[in-house]
Amino acid sequence: MIESTYNHKAVEAAAQSHWAATNAYTVIENDPRFPKGKYYACSMLPYPSGKLHMGHVRNYTINDMMYRQLRMRGYNVLQPMGWDAFGLPAENAAMKNKVPPAKWTYENIAYMKQQMQSMGLAIDWSREMAACSPDYYKWNQWLFLKMLEKGIAYRKTQIVNWDPVDQTVLANEQVIDGRGWRTGALVEKREIPGYYLKITDYAQELLDPVANPDSPDFLKGWPDRVRAMQENWIGKSEGVRFAFPHDITDASGALVQNGKMYVFTTRADTIMGVTFVAVAPEHALALRAGELNPELTPQIEALKAGGTTEAELAVKEKEGLATGLFVTHTLTGESLPVWVGNYVLISYGDGAVMGVPAHDERDFAFAKKYDLGIKQVVAVEGKQFSTDAWADWYGDKQVGTCVNSGNCDGLRYKDAVDQVATALIVLHLGEKKTTWRLRDWGISRQRYWGTPIPIVHCDEHGAQPVPYDQLPVVLPTDCIPDGSGNPLIKHEGFHKGATCPVCGKAARRETDTMDTFVDSSWYFMRYTSPGSDRMVDARNDYWMPMDQYIGGIEHAILHLLYARFWTKVMHTLDLVKFKEPFTKLLCQGMVLNHIYYSRNDKDGKDYFPPDQVAPVLDAQGHITGGRLADGTELHYGGVGKMGKSERNGVDPQDMIEKYGADTSRLYMMFTAPPEASLEWNDAAVEGSWKFLRRVWSYANKHDAVLRAGIAGPRDESKFNDAAKNLRREIHTTLKQINFDFERIQYNTVVSGCMKVLNALEGADANAITPPALSECFSILLRVLYPSCPHITETLWRELGYAAQIGELLNVAWAEVDEKALVSDTVELVLQVNGKTRGSIVVASNADKTAIEAAAAAAPDVAKFGEGRTPKKIIVVPGRLVNVVV
RNA sequence: GCCCGAGUGGUGAAAUUGGUAGACACAGCGGACUUAAAAUCCGCCGCUUUCGUGAAUAGCGGGCGUACCGGUUCGAUUCCGGUCUCGGGCACCA
């Protein structure tokens with residue numbers, strides 16, 4: 001007998017211990033129970049920040065719904081979990097709490113794992129991994145050494161944010177308005193050596209699967225928007241690289257850069273409009289200008305100020321300085337002034353650009369500011385060029401033809417570029433070149449809590465790779481960072497405890513660690529090969545490529561691109577057989593929450609959790625600020641993704657405690673479609689709770705009828721009208737639910753479940769031919785199971801269905817009985833001149849002519865058509881008729 | 001600034017992708033049950049009170065309505081052009 005009240009705590013505890021006792025979600029390769037083969041559905045691994053937040057709940061519930069439905073459909077489904085356990089927040093927590101990052105991290109993992117278990121996720125925990133475990137990061141080091149051997153990894157200088165007070169490198173996140181977040185000191189750019197991975201060697205291979213539908217690896221299972229973002233990020237552009245000759249010499253009298261200052265441009269058609277050139281403050285010509293005129297040096301240094309991000313560069317005021325040096329225009333021989341510009345980056349291309357004020361908006365502004373020449377070389381018929389103000393057509397290469405450009409005059413963009421390129425080739429001063437926006441991946445971080453880069457530095461033999469048999473280079477776990485510099489440098493046993501593999505003498509160990517994007521570039525393959533003494537083994541070839549990857553849209557570019565690149569490197573090294581890791585991708589929308597902060601005395605921001613803040617509203621009801629309980633006024637930072645750094649995450653634990661995992665999961669799925677972003681609000685969670693109670697009490701109320709059995713004839717002719725009507729309604733809804741599962745629109749799956757219950761409650765249970773009621777209720781339990789596994793599995797067992805056909809997890813998915821859908825008549829919407837005016841009922845099998853006749857005869861047509869005769873009748877089968885008069 | 005999205009009732013959203021806008025819910029309002037409350041159940045619920053007809057801010061009918069302006073179409077939340085606002089990413093947050 002089903003108990004009268006739904007006790008979620010008892011139901012969920014019992015279900016979860018049953019799953020644990022039976023290892024319900026441990027999967028093996030080639031399991032004969034699953035005829036449809038494997039399905040690998042994986043969520044992006046969480047950073048162990050302390051507690052789960054609603055974004056995690058959303059991510060894993062989507063994954064879990066998918067898991068359970070596909071398993072019932074006959075797939076061998078793998079859902080693993082792990083921890084992105086290296087990274088900056090652990091160091092910050094260590095500084096704040098004076099505990100080593102390792103301790104903080106492992107405690108967080110333990111707590112969050114228990115939270116996940118209380119959510120009832122079908123995770124195979126036997127495959128759990130943590131990035132900070134030497135068993136895992138050993139393989140980061142191993143593959144890094146392989147890449148060094150292949151020349152994919154190399155060493156060069158990189159530009160970092162330097163905090164002069166703390167004497168440390170800052171992450172972009174730690175630079176706030178150009179100042180260090182802890183010290184408030186003005187951040188400087190500094191050039192230091194580091195390791196890079198040649199992702200640009202794979203640029204074309206990374207581009208084709210996102211840009212070319214004819215590519216064999218085209219990622220058709222990815223959202224269009226993500227492919228577009230990756231395509232633009234890789235940014236293939238065809239242009240011209242050429243040199244401006246000059247006779248500037250260095251202190252020794254030799255020509256600087258052999259007398260050729262190279263630039264790259266996609267607008268070679270405007271070469272005759274060049275009136276100046278600009279170089280980065282670190283460029284050889286800028287350095288030489290400083291030597292020749294020492295007064296300039298501090299001004300050149302000042303142009304290096306500010307952060308390194310592209311966003312910051314794009315919006316900052318363009319400033320420059322004339323060097324007094326000149327180069328020669330490659331084609332005209334004119335003398336062109338060399339400027340140093342704060343908007344020119346040494347790390348992009350050649351660190352120098354040509355200035356065409358007439359046809360580049362940035363150059364136009366720069367020329368106006370510093371009174372440089374503006375020379376029109378592209379014209380559009382009927383449009384007047386004026387140096388007074390910028391107009392969009394000046395920079396549009398799609399319109400216009402060349403003027404004032406010698407033999408290019410009259411040519412359009414493409415022909416003009418060809419012509420100019422030919423001229424440059426003849427002079428041996430330039431060539432056509434494909435360039436990429438994509439830059440090589442710098443992986444060196446001057447931080448403690450990451451994978452040690454397996455290199456030792458010998459005074460005699462330089463940077464030497466650690467021999468393979470000495471891997472892993474184990475990271476000490478007892479350091480507590482204090483914010484000044486990298487603790488590994490101060491850790492004598494680590495830093496100085498190495499020997500040179502060449503000469504055996506004492507050597508310094510590399511103290512840089514790897515970017516944490518390395519950890520997340522292949523963890524999903526380690527899940528397939530737990531405990532292996534190789535990076536991945538044959539089991540990886542069974543599960544990979546991953547069938548469905550699920551994670552936040554904020555990872556659409558970097559993480560996914562790095563993971564694709566890493567996979568291609570593994571393919572190059574014959575470690576895997578595939579070239580793309582993720583067949584299908586679902587980018588769930590972010591869970592957003594309000595952000596409140598106050599300014600601290602270091603010019604940084606101190607954030608406050610929204611649940612401690614009372615919003616301050618303006619007359620329109622918009623939030624303009626906040627107030628703490630003690631009256632402190634706060635700034636409002638809009639809504640943003642839930643996370644640790646802005647302290648606006650919401651811990652799901654309260655909701656799970658109060659309503660249970662099933663209600664929490666159901667509500668999270670119901671409240672928005674998976675791909676939409678979602679401003680968090682739990683005001684409506686009661687509705688989901690109420691729905692589950694109704695499901696429970698329906699089973700309790702109709703216990704006797706329902707437990708009579710789900711077996712029995714499904715012969716349509718034996719059902720009475722009540723049974724037929726109920727079945728038609730429920731199978732119609734089931735058809736929609738199955739479609740919504742296919743397209744991963746789980747919010748309407750939940751709506752569908754509610755419609756099924758509404759239909760059941762609306763029917764007279766005792767008037768329905770058995771076993772139609774049990775059949776319909778068993779459909780409800782099955783379609784509800786993926787979102788609410790505890791309550792459905794319990795009711796399934798209690799009603800005796802498990803004894804009849806097996807446990808819910810293992811029974812077949814509910815399929816639509818097409819015969820139940822048949823109806824004699826169909827109602828069509830009637831429109832007159834495109835406006836809805838009523839409806840007509842026709843036989844289901846009525847043909848177009850019959851429908852047209854019925855529509856023409858409808859009284860509404862006469863009324864709204866004002867007696868005019870129909871000119872045209874449009875019939876949309878099964879839906880609508882539009883009469884045009 | 002550049003790239004990518006989103007904008008629909010008081011609220012979350014739906015509309016099988018050009019075919020009844022608001023399914024399913026939340027909140028609210030009205031009612032039933034109850035000594036009362038909770039729970040439960042039933043009903044209403046875009047705007048138009050100076051659009052018509054009504055005594056009526058009840059019904060019925062009409063008109064309007066998917067951020068804003070314009071276009072294509074028999075028909076547009078859906079397609080096209082432009083604008084605004086919000087969110088994500090911009091290479092050292094993860």
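Listed candidates were rG1(B), rG63(B), rA23(B). Nearest to the side chain of Lys835(A) is rG63(B). Of the listed nucleotides (rG19(B), rA94(B), rC90(B)), rG19(B) has the atom at the smallest distance from the side chain of Leu880(A). Comparing rG19(B), rU20(B), rA25(B) by their closest approach to the side chain of Val876(A) singles out rG19(B). For Ala314(A), the side-chain atoms get nearest to rG1(B) when compared with the rest of rC24(B), rG12(B), rG1(B). With rG1(B), rC93(B), rA21(B) as the choices, the nucleotide that has an atom nearest any side-chain atom of Thr836(A) turns out to be rA21(B). Of the candidates rA21(B), rC93(B), rU16(B), the closest approach to any side-chain atom of Arg879(A) belongs to rU16(B). Residue Tyr47(A) has its side chain nearest to rA94(B) when only rG12(B), rA94(B), rU16(B) are considered. Side-chain atoms of Ala171(A) lie closest to rC93(B) of the nucleotides rC93(B), rU11(B), rA23(B).
Looking only at atom types and distance, the side chain of Asn648(A) has no donor-acceptor partner in the side chain of Trp680(A) under 3.5 Å away.
Using Watson-Crick or G-U wobble geometry with both donor-acceptor distances under 3.5 Å, rC41(B) finds its partner in rG31(B). Across all strands shown, rG59(B) pairs with rU53(B); the Watson-Crick or G-U wobble distances both stay below 3.5 Å. As the counterpart of rC64(B), rG46(B) is assigned, both hydrogen-bonding distances of the Watson-Crick or G-U wobble pattern falling under 3.5 Å. Across all strands shown, rG18(B) has no partner, as no Watson-Crick or G-U wobble contact with both distances under 3.5 Å is found. Across all strands shown, the partner of rG81(B) is rC69(B), judged by Watson-Crick or G-U wobble contacts whose two distances both fall under 3.5 Å. In this entry rA91(B) has no Watson-Crick or G-U wobble partner, no candidate having both defining distances under 3.5 Å. Pair assignment for rG5(B): rC86(B), on the basis of Watson-Crick or G-U wobble contacts that are both within less than 3.5 Å.
Residue Glu729(A) contributes atom CD, which lies 13 Å from atom C1' of rA23(B) at whole-angstrom precision. In this structure, the NZ atom of Lys316(A) is 18 Å from the P atom of rC2(B), given to the nearest Å. The interatomic distance linking Asp740(A) (CG) with rA13(B) (P) rounds to 16 Å, in whole Å. Straight-line distance from the CD atom of Gln831(A) to the P atom of rG19(B): 11 Å, rounded to whole Å. Residue His559(A) contributes atom NE2, which lies 13 Å from atom P of rA94(B) at whole-angstrom precision. Separating the CZ atom of Arg837(A) from the P atom of rC74(B) is a distance of 18 Å, rounded to the nearest angstrom. When rounded to the nearest whole Å, the span between CH2 of Trp222(A) and C1' of rC4(B) equals 14 Å. Rounded to a whole Å, the CD1 atom of Ile873(A) is 15 Å from the C1' atom of rG75(B).
The side-chain hydrogen bond (donor to acceptor under 3.5 Å, both in side chains) test applied to Glu191(A) returns Thr157(A), not counting sequence neighbours.
In the interface, the side chain of Glu679(A) is not paired with the base of rG12(B) through any donor and acceptor atom under 3.5 Å apart.
Taking the centre of each ring, Tyr746(A) and Phe741(A) come in below the 6.0 Å mark. Tyr136(A) has its ring centre no less than 6.0 Å from the ring centre of Trp83(A). Between His8(A) and Tyr659(A), the ring center distance fails the sub-6.0 Å criterion.
Here Val750(A) lies out of heavy-atom contact (under 4.0 Å) with every strand. Residue contacts for Ala311(A): at a heavy-atom cut-off of 4.0 Å it reaches a base atom on one of the strands shown. Within the 4.0 angstrom heavy-atom criterion, base atoms lie near Ile874(A). Pro46(A) comes within 4.0 angstrom of nothing in the nucleic acid, heavy atoms only. Contact annotation for Arg439(A): base contact, defined as any heavy-atom pair under 4.0 Å involving a base atom. Heavy atoms of Phe517(A) sit under 4.0 angstrom from at least one base atom. Base engagement by Gln736(A) is indicated by at least one non-hydrogen atom pair under 4.0 Å involving a base atom. Residue Val884(A) is in sugar-phosphate contact alone, with no base atom involved, counting any heavy-atom pair closer than 4.0 Å across all strands shown. Using a 4.0 Å heavy-atom distance criterion, Ser444(A) is classed as a base contact. As judged by a 4.0 angstrom heavy-atom cut-off over every strand, Ala684(A) is placed among residues touching the sugar-phosphate backbone only. Within 4.0 Å (heavy atoms only), Lys735(A) reaches no atom of the nucleic acid at all.
Nucleotides rG30(B) and rC45(B) have their P atoms positioned 16 Å apart, rounded to a whole Å. A distance of about 25 Å separates the C1' atoms of rA91(B) and rC86(B), rounded to the whole Å. With both ends at atom P, the span from rC4(B) to rC79(B) equals 16 Å, rounded to whole Å. Straight-line distance between the P atoms of rC24(B) and rA15(B): roughly 13 Å, to the nearest whole Å. Taking the P atoms as reference points, rG1(B) lies 36 Å from rU73(B), given to the whole Å.
Residue Arg743(A) has a polar side-chain atom (N or O) positioned under 4.0 Å from OP1 or OP2 of rA15(B). For the pair Gln745(A) and rA15(B), the criterion of a side-chain N or O lying under 4.0 Å from OP1 or OP2 is met. An OP1 or OP2 oxygen of rC41(B) is reached within less than 4.0 angstrom by no side-chain nitrogen or oxygen of Lys690(A). Listed pair Asn747(A) / rC24(B) fails the phosphate criterion, with no side-chain N or O lying under 4.0 Å from OP1 or OP2. For the pair Arg693(A) and rU40(B), the criterion of a side-chain N or O lying under 4.0 Å from OP1 or OP2 is met. Between Asn882(A) and rU73(B), a side-chain N or O to OP1/OP2 separation shorter than 4.0 Å is absent. An OP1 or OP2 oxygen of rA94(B) is reached within less than 4.0 angstrom by a side-chain nitrogen or oxygen of Thr516(A).
Ionic pairing of Glu646(A) and Lys641(A) is not present here: no N-O contact between side-chain nitrogen and carboxylate oxygen is shorter than 4.0 angstrom. A salt bridge does not link Lys198(A) with Asp440(A): none of the charged nitrogens is closer than 4.0 Å to a carboxylate oxygen. With respect to the salt-bridge test (charged N to carboxylate O, under 4.0 angstrom), the residues Asp166(A) and Arg182(A) qualify.
At least one test fails for Lys318(A) against the ring of Phe366(A): distance under 6.0 Å to the centre or angle within 45° of the axis.
By the 30° and 60° cut-offs, the orientation of the rings of His559(A) relative to His555(A) is perpendicular.
Smallest separation of non-hydrogen atoms from Val399(A) and Trp393(A): CG2-O, 4.3 Å.
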Every protein N/O lying under 3.5 Å from an N/O of nucleotides 81-89 of chain B:
unit_1	atom_1	unit_2	atom_2	d
rG89(B)	OP1	Lys641(A)	NZ	3.3

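Taking the side chain as every heavy atom from C-beta outward, Val226(A) and Ile553(A) approach each other to under 4.5 Å.
Residue-to-nucleotide proximity on RNA chain B shows that, of Val685(A) and Asp440(A), the 5′-proximal contact is made by Val685(A).
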